[in-house]
Amino acid sequence: MSIWLMKSEPSEYSIDHLQSDGTSSWFGVRNYQARNYMRDSMNIWDRVLFYHSNCKTPGIAGLAEVASLPHPDITQFIPGDKHYDPKSTQLKPIWQCVDVRFVQKFWEIVSLASIRSTSWLESMKFLQKGSRLSITPVTEAEYQILEPMFH
DNA sequence: GCCAACGTTGGC
DNA sequence: GCCAACGTTGGC
């Protein structure tokens with residue numbers, strides 16, 4: 001089982017949205033590296049740390065899990081959609097995504113500030129200078145440090 | 001293939 | 001709202 005940190009702007013799609021939806025496709029990723037993680041490296045039951053970005057208190061808001069194999073992101077085919085990609089075709093889709101299922105919402109967000117101030121977590125990929133990837137792997141060791149911070 | 005210009009991300 | 005850092009685009 002692998003562990004992933006997946007960013008979403010809560011004004012677009014928050015942990016609360018996922019809680020009410022139960023399961024949702026992680027559509028809209030338009031970065032090749034992030035797509036490759038979903039397409040090539042994710043497996044059903046992988047753990048997902050649901051991260052709120054670009055908001056008042058950025059941080060990990062809850063947990064989810066990978067709930068499907070990779071499949072085409074349908075928004076790439078919809079003209080006028082924010083995520084429409086004219087270069088993509090039904091026969092050769094460019095963008096793949098997975099479904100994620102809600103697991104848990106934390107009572108309190110595990111803030112970016114608190115993660116940054118934990119020296120054992122300095123290695124986390126998403127913290128690295130200039131990292132803007134919306135999906136990054138989390139190591140088992142990092143997860144072990146993070147877990148007690150979840151509540 | 002280079003690289004300038006542009007658009008986006010995301011913390012602050 | 002600012003802006004650093006990055007990814008993408010497209011002319012050449």
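Residue numbering restarts at 1 for every chain, and letters A, B, ... go by the order of the sequence lines. Predicted model only: the values in this text are computed from it and were never measured.
Checked against ring-ring contact (aromatic ring centres under 6.0 Å, His included), A:Y13 has the following partners two or more places apart in sequence or in another chain: A:H17. In this view, A:D16 and A:K105 satisfy the salt bridge (Lys or Arg N to Asp or Glu O under 4.0 Å) rule, not counting sequence neighbours. With sequence neighbours left out, A:K129 forms a side chain to side chain donor-acceptor pair (under 3.5 Å) with no residue at all.
Atom CG in A:L5 sits 12.0 Å away from atom NZ in A:K125 (nearest 0.5 Å).
Computed from coordinates, the A:K7 NZ to C:dG7 C1' distance equals 14 Å when rounded to whole Å.
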Please tabulate, one pair per line, all N/O donor-acceptor pairs under 3.5 Å involving side-chain atoms of residues 134-143 of chain A, not counting sequence neighbours.
unit_1, atom_1, unit_2, atom_2, d
A:T139, OG1, A:E142, N, 3.0
A:T139, OG1, A:E142, OE1, 3.3
A:E140, OE2, A:Q144, NE2, 2.7
A:E142, OE1, A:T139, N, 2.8
A:E142, OE2, A:S123, OG, 2.7
A:E142, OE2, A:M124, N, 3.4

Contacts table for residues 43-50 of chain A: side-chain donor-acceptor under 3.5 angstrom, sequence neighbours left out:
unit_1, atom_1, unit_2, atom_2, d
A:D46, OD1, A:S2, N, 3.0
A:D46, OD2, A:W4, NE1, 2.9
A:D46, OD2, A:N43, N, 3.0

Give every donor-acceptor pair under 3.5 Å between a side-chain atom in residues 52-63 of chain A and any protein atom, sequence neighbours left out.
unit_1, atom_1, unit_2, atom_2, d
A:H52, NE2, A:I15, N, 3.1
A:N54, ND2, A:E9, OE1, 3.4
A:N54, ND2, A:E9, OE2, 3.3

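Pairs of Watson-Crick or G-U wobble type, with distances under 3.5 Å, assemble into runs of 3 or more in DNA chain B at these ranges: B:1-12 with C:1-12.
Formation of a donor-acceptor pair under 3.5 Å by the A:D73 side chain with backbone atoms of A:F27 is not found in this model. Checked by atom type and distance alone, the side chain of A:S117 pairs as donor or acceptor with a backbone atom of A:A113 at under 3.5 Å.
Among residue pairs with one or both ends in residues 72-100 of chain A, those qualifying as ring pair (Phe, Tyr, Trp, His ring centres under 6.0 Å) are A:Y32-A:W95; sequence neighbours excluded. Sorted by first and then second residue, the ring pair (Phe, Tyr, Trp, His ring centres under 6.0 Å) pairs involving residues 119-139 of chain A (not counting sequence neighbours) are A:Y51-A:F126.
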Protein N or O to nucleotides 4-6 of chain C N or O, pairs below 3.5 Å:
unit_1, atom_1, unit_2, atom_2, d
C:dA5, OP1, A:K129, NZ, 2.8
C:dA5, N3, A:R132, NH1, 3.2
C:dC6, OP1, A:K129, O, 3.3
C:dC6, O2, A:R132, NH1, 2.6
C:dC6, O2, A:R132, NH2, 2.7

Interface polar pairs with nucleotides 8-12 of chain C, N/O, under 3.5 angstrom:
none

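Applying a 4.0 Å cut-off to non-hydrogen atoms, the residues of residues 50-58 of chain A that approach DNA chain B are A:Y51, A:S53, A:N54, A:P58, listed by residue number.
Contact check for A:E65 versus A:R101: side-chain heavy atoms found under the 4.5 Å cut-off.
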